[in-house]
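First the structure, in the form of structure tokens, and then the observations on it.
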Amino acid sequence: KRLRAIDTTELSAEDKLSIELLVRILREEQEGAQFKEWETPVNQIHGIHFELPQLVSVTPFDDAKDYENYIARLRRVPRLFDQLRANMSLGMKDGHMPAKLVSEKVLAQVNAILAIKPEDSPFVAPLLKFPSSISTEDQRRFVQEVNSAVAQDVIPAYKAFATFLETQYIPKSRTEAGVWSIPDGDAYYAF
């Protein structure tokens, strides 16, 4: 309603298009909410498990504050996985489960991340080259803190997620690959 109330007569064609697209996205998200996509938040293409290792490539590392922010994010990884498992548990309860073959691929991806030696982990990549603005003392501190966060927070969170997938989620994943096999699957497919 607020977007529709905006007087667009003075806006550029690009801004008008942006408003129309945002309205469309918001309307589709409202319509799609009935299908509870948040209850199946991971697959072999998308999900926190897959996107977190890519965090480094989209995070600036220009100064000490950037490194401190990154360490704080790493320390919050267990919370992200707790939230992820909570949503997935709701999906198990509601019958919104991916096909078993998809869940197994997610587990394989998680296990592949866990198989990487900590010193080769994508999570420690910011330690390979520091900007000249970072003092030697801060570099040593960041090496210690990033390695600690990876060892104490990131890896245990991935291990707990792998255990959850293997012991709880995969056994309850659906055997049928078609989305029609979930509650309201035909309507979801049509949507």
### Query
Does one hydrophobic cluster hold both V102 and M97, with members joined at side-chain heavy-atom distances below 4.5 Å?
no
### Task
Give the minimum heavy-atom separation between I155 and P118, together with the two atoms involved.
CD1-CG, 4.2 Å
### Query
Parallel, tilted or perpendicular for F142 and Y67, by the 30°/60° rule?
parallel
### Query
Where is the tightest heavy-atom contact between P78 and R75, given as atom of each residue plus distance?
CD-O, 3.4 Å
### Message
Under 4.5 Å between side-chain heavy atoms, counting indirect links through other Ile/Leu/Val/Met/Phe/Trp/Tyr residues: same cluster for V106 and M92 or not?
### Response
yes
#### Entry: Inter-residue atom distance R174.CZ - K172.NZ, 0.5 Å rounding
16.0 Å
### Selection residues 115-143 - residue pairs positive for salt bridge (charged side-chain N to carboxylate O under 4.0 Å, His left out), sequence neighbours left out
E68-R141, D138-R141, R141-E145
### Shared hydrophobic cluster, F35 / M88 (ILVMFWY, side-chain heavy atoms < 4.5 Å)
no
### Query
Are side-chain heavy atoms of F81 and L52 found at a separation under 4.5 Å?
yes
### Message
Would you compute the distance between atom CG of L74 and atom CG of N69 and round it to the nearest 0.5 angstrom?
### Response
11.0 Å
### Task
Could you tell me whether the side chain of F130 reaches within less than 4.5 Å of the side chain of V143, counting heavy atoms only?
yes
#### Entry: Nearest-0.5 Å distance that lies between atom OG1 in T175 and atom CG in L101
10.5 Å
### Query
Got P98 and N43 here, is their nearest side-chain heavy-atom distance under 4.5 Å?
no
### Task
State, to 0.1 Å, how close S173 and S103 come at their nearest heavy-atom pair, and which atoms those are.
OG-OG, 2.7 Å
### Query
Under 3.5 Å, is there a donor-acceptor pair between the side chain of S12 and the main chain of D15?
yes
### Query
Among the clusters formed by ILVMFWY side chains lying less than 4.5 Å apart, do V77 and F50 turn up in the same one?
no
### Query
With a 4.5 Å heavy-atom cut-off, do I6 and L3 have their side chains touching?
yes
### Task
Considering non-hydrogen atoms only, spot the tightest contact between P171 and L165 and give its length.
CD-O, 3.9 Å
### Message
Using the side-chain hydrogen bond (donor to acceptor under 3.5 Å, both in side chains) criterion, which residues pair with D62? Sequence neighbours excluded.
### Response
none
### Task
Could you tell me which non-hydrogen atom of P126 sits nearest to which non-hydrogen atom of F61, and how far apart they are?
CG-CZ, 3.4 Å
### Query
Is there a side-chain contact between Q34 and D184 (heavy atoms, below 4.5 Å)?
no
### Message
Salt bridge or not between E20 and R4? Use side-chain N to carboxylate O under 4.0 Å.
### Response
yes
### Summary
Distance col, row N111:CG vs L107:CG, nearest 0.5 angstrom, shows 4.5 Å
### Query
Can I182 be reached from F191 by stepping across I, L, V, M, F, W or Y side chains whose heavy atoms are under 4.5 Å apart?
yes
### Query
Just wondering, do P41 and I48 contact through their side chains at under 4.5 Å, heavy atoms?
no
### Message
Contact between L114 and F161 at the side-chain level, heavy atoms closer than 4.5 Å - yes or no?
### Response
no
### Message
Around atom NZ of K16, are there more than 12 heavy atoms from other residues, nucleotides or ligands closer than 6.0 Å?
### Response
yes
### Query
Is the backbone N or O of I170 less than 3.5 Å from a side-chain atom of E104, with the two atoms forming a donor-acceptor pair by type?
no
### Summary
To the nearest 0.5 Å, atom CZ of R27 lies from atom CD of E31 at 7.5 Å
### Query
Does the side chain of R73 reach to within under 4.5 Å of the side chain of T59, using non-hydrogen atoms?
yes
### Query
Are the charged groups of D82 and R85 less than 4.0 angstrom apart, N to O?
yes
### Query
Between Y158 and H49, is there a donor-acceptor pair closer than 3.5 Å when you use the side chain of the first and the backbone of the second?
yes
### Task
Find the distance between OG1 (T40) and CG (L90) and round it off to the nearest 0.5 Å.
11.5 Å
### Query
Can you name the closest pair of heavy atoms from Y169 and H96 and give their distance?
OH-O, 4.4 Å
